[in-house]
Visitor: 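Questions regarding the structure given below will be posed in turn.
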There are 2 protein chains.
Amino acid sequence: MVRKKPITSSRGLFEDKARIIKALAHPSRLLMIDALASGEKCVCELQELVGSDITTVSKHLAVMKRAGIVEDRKDGLWVHYRLKVPCILRFFDCIDIVLENEREAGKPSGPARRGACLAEKPNCRKR
Amino acid sequence: MVRKKPITSSRGLFEDKARIIKALAHPSRLLMIDALASGEKCVCELQELVGSDITTVSKHLAVMKRAGIVEDRKDGLWVHYRLKVPCILRFFDCIDIVLENEREAGKPSGPARRGACLAEKPNCRKR
DNA sequence: TCGTTATTTGGTAAAATAACCAAATAGTTG
DNA sequence: CAACTATTTGGTTATTTTACCAAATAACGA
C-alpha cells in the first residue's frame with residue numbers, strides 16, 4: 001500500500017521528484033525518450049537522431065539513467081538504452097493538452113483578442 | 001555554445017514540451033502544484049507554504065502560468081492561482097514509481113549490496 | 001598485441017535558472 | 001488623494017545546466 005501523501009511539507013520528497021522531472025526537461029532527452037518508446041536503441045542511433053555531438057548525447061543519457069528513467073545494456077561495442085519507466089509516456093499526452101490549450105488561446109478568432117485589456121488580464125499594460 | 005540545427009522537423013515540438021516540463025522541474029513549484037490540487041490559493045498562502053521570499057514565489061508562479069500549467073484570478077488585492085491542467089497530477093504517480101524503484105535498488109537487503117561493485121553498477125567506483 | 005570502433009569522462013566556457021532586495025504597480029479604505 | 005496591502009517587475013549575483021573538444025576506457029578483430 002502506497003501512502004499517497006507522506007508527511008506534509010516533506011521538502012525532500014519534492015526535491016527528489018524535481019530531480020527526476022529535470023531529467024526529462026530537455027528537448028533532446030524528450031526526443032530520445034520518444035524514440036525509445038518503440039524499443040531500445042544504441043547510443044549511435046540516438047546520436048544520429050538528435051544530431052548533437054556524441055559526448056553530449058552520452059551525457060544526456062547518463063542524466064536520464066541516473067534519474068532512473070532509462071537503463072542500459074552492453075552488447076559488444078554497443079550500449080543499448082531502453083525505457084525503464086514506460087508510464088512516463090502517458091504523461092506526454094498531458095503535455096500535449098497544455099500545448100493544445102496554448103494553441104487555442106493564441107487563435108485570432110477567440111474572444112478578448114482585440115482591445116480587451118482589462119485589469120484581469122495579466123498582460124494588460126493600459127495605464 | 002553552439003546550438004545545432006534540428007534534424008527532424010518535429011524538433012520544435014519537443015522544445016515546446018521541454019519548456020512545459022521545465023516549468024514543473026522545481027521543488028517549490030511541485031509543492032505549490034500539490035497544494036493547488038485541493039483548490040485555488042492566493043499568492044500569500046503559497047508563499048507561506050514554500051517559505052521563500054514572496055518575489056521568488058511570484059516568479060515561480062509566473063513561470064508556471066506562462067507554461068499554461070496554472071491560471072490566476074484577481075480578487076481585490078489578492079491573486080488566486082489554480083491548476084489549469086489537472087492531468088499533471090496523474091503524472092506524479094509515475095514519478096513516484098521511479099522513486100520507488102530507486103528506493104528498492106538502494107535497499108541494503110537486496111543483492112549486490114556489499115562488494116559487488118561491478119561494471120554494470122552506475123555507482124561503482126572501482127578502477 | 002595493435003589498430004579500430006563505440007562510448008564515457010574531464011575540462012572549459014556560454015547560457016539559463018534562481019534567489020533576494022528595491023522599487024513599481026494595482027487595488028483597497030478612509 | 002494619501003496611506004496601506006498584495007503582488008509583480010527589474011536588477012544583481014551565485015549556481016546549475018549545456019555543448020563541445022580532448023583524452024580515457026572498453027570491446028572487438030587481425
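In this text, all values refer to a predicted model and were calculated from it rather than measured experimentally. Order of the sequence lines fixes the chain letters, A, B, ..., with proteins taken first and strands second; residue numbering starts at 1 for each chain. Excluded from the calculations below are hydrogen atoms, water molecules and symmetry mates; all remaining heavy atoms, backbone and side chain alike, are included.
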Visitor: Output the single nucleotide from D:dC20, C:dT7, D:dA6 whose closest atom is nearest the side chain of A:Lys59.
Guide: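 Nearest nucleotide to the side chain: D:dC20.
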Visitor: Give, for atom SG of B:Cys44 and atom CD of B:Gln47, the distance between the pair rounded to the nearest 0.5 Å.
Guide: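 B:Cys44 SG to B:Gln47 CD: 8.5 Å, rounded to 0.5 Å.
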Visitor: Using atom CG of A:Asp75 as one end and atom P of C:dT7 as the other, report the distance to the nearest whole Å.
Guide: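 Rounded to whole Å, this separation is 10 Å.
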Visitor: Have a look at B:Arg19 and say if it touches a base, only the backbone sugar-phosphate, or nothing, with a 4.0 Å heavy-atom cut-off.
Guide: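 Touches nothing.
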Visitor: B:Leu31 has an atom CG; how far is it from atom P of C:dA18, in whole Å?
Guide: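 So the CG-P distance, B:Leu31 to C:dA18, works out to 15 Å.
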Visitor: As a test of reading the structure: which of C:dA19, D:dT7, D:dT18 is closest to the side chain of B:Thr56, going by heavy atoms?
Guide: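 So the nucleotide nearest the side chain must be C:dA19.
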Visitor: Measure from CD1 on B:Ile54 to C1' on D:dA6 and round the result to the nearest Å.
Guide: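 To the nearest whole Å, that distance equals 6 Å.
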Visitor: Between C:dC20, D:dA22, D:dT9, which nucleotide has the shortest distance from any of its atoms to the side chain of B:Asp53?
Guide: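 Between C:dC20, D:dA22, D:dT9, the one nearest the side chain of B:Asp53 would be C:dC20.
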Visitor: Kindly point out which of D:dC28, C:dT9, C:dT28 is positioned nearest to the side chain of B:Leu77?
Guide: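 Nucleotide nearest to B:Leu77's side chain: C:dT28.
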Visitor: Report the nucleotide, chosen from D:dA6, D:dT8, C:dG27, that has the shortest atom-to-atom distance to any side-chain atom of B:Trp78.
Guide: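 Nearest to the side-chain atoms of B:Trp78, counting from C-beta on, is D:dA6.
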Visitor: So, is B:Tyr81 close to the D:dT8 phosphate, meaning a side-chain N or O under 4.0 Å from OP1 or OP2?
Guide: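 Yes, because at least one side-chain N or O of B:Tyr81 sits under 4.0 Å from OP1 or OP2 of D:dT8.
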Visitor: Could you say whether B:Val79 or A:His60 is positioned toward the 5' end of DNA chain D, judged by the nucleotide with the nearest heavy atom to each?
Guide: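 Result: B:Val79.
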Visitor: Please confirm whether any donor atom in the side chain of A:Ser52 sits under 3.5 Å from an acceptor in the base of D:dC20, or the reverse.
Guide: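 Side chain to base: no pair below 3.5 Å.
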Visitor: Heavy-atom nearest nucleotide on DNA chain D for B:Val43 versus A:Lys22: which residue maps closer to 5'?
Guide: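 Final value for this comparison: B:Val43.
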Visitor: Which whole-number value in Å describes the distance from A:Ile21 CD1 to D:dT16 P?
Guide: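 Taking CD1 of A:Ile21 and P of D:dT16, I get 19 Å after rounding.
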Visitor: For D:dA6, does either OP1 or OP2 sit under 4.0 Å from a side-chain N or O belonging to B:His80?
Guide: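 For D:dA6, neither OP1 nor OP2 has a side-chain N or O of B:His80 closer than 4.0 Å.
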Visitor: Rounded to the nearest Å, what distance is computed from the CE atom of residue B:Met64 to the C1' atom of nucleotide D:dT8?
Guide: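 So the two atoms are 15 Å apart, to the nearest Å.
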Visitor: Does a side-chain heavy-atom distance below 4.5 Å link B:Trp78 with B:Val43?
Guide: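 Not touching, per the 4.5 Å side-chain cut-off.
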Visitor: Working to the nearest 0.5 Å, report the span between OG1 of A:Thr55 and NE2 of A:His60.
Guide: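 Answer rounded to 0.5 Å: 9.5 Å.
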Visitor: Do other residues, nucleotides or ligands put more than 12 heavy atoms under 6.0 Å from the CZ atom of A:Arg82?
Guide: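 More than 12 within 6.0 Å, yes.
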Visitor: Find the distance A:Asp72:CG to C:dT8:C1' and express it as a whole number of Å.
Guide: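 That distance rounds to 11 Å.
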Visitor: Can you tell me the distance, in whole Å, between the CD atom of A:Gln47 and the P atom of D:dA19?
Guide: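 Checked: the CD to P distance equals 13 Å.
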Visitor: Of the nucleotides C:dC21, C:dT7, D:dT7, which one has an atom closest to the side chain of A:Cys44?
Guide: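 Between C:dC21, C:dT7, D:dT7, the one nearest the side chain of A:Cys44 would be C:dT7.
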Visitor: May I ask you to decide if the ring planes of B:Phe91 and A:Phe91 are parallel, tilted or perpendicular, using 30° and 60° as cut-offs?
Guide: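 Judged by the thresholds at 30° and 60°, the geometry between B:Phe91 and A:Phe91 is parallel.
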Visitor: Give, for atom CD1 of A:Ile20 and atom CZ of A:Arg66, the distance between the pair rounded to the nearest 0.5 Å.
Guide: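 These two atoms lie 12.5 Å from each other.
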Visitor: Quick one: which of C:dA18, D:dT8, C:dC20 gets closest to the side chain of B:His26?
Guide: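 Minimum distance to the B:His26 side chain belongs to C:dA18.
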Visitor: Once you round it to whole Å, what is the distance between P of D:dT7 and CZ of B:Arg73?
Guide: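 From B:Arg73 CZ to D:dT7 P: 12 Å.
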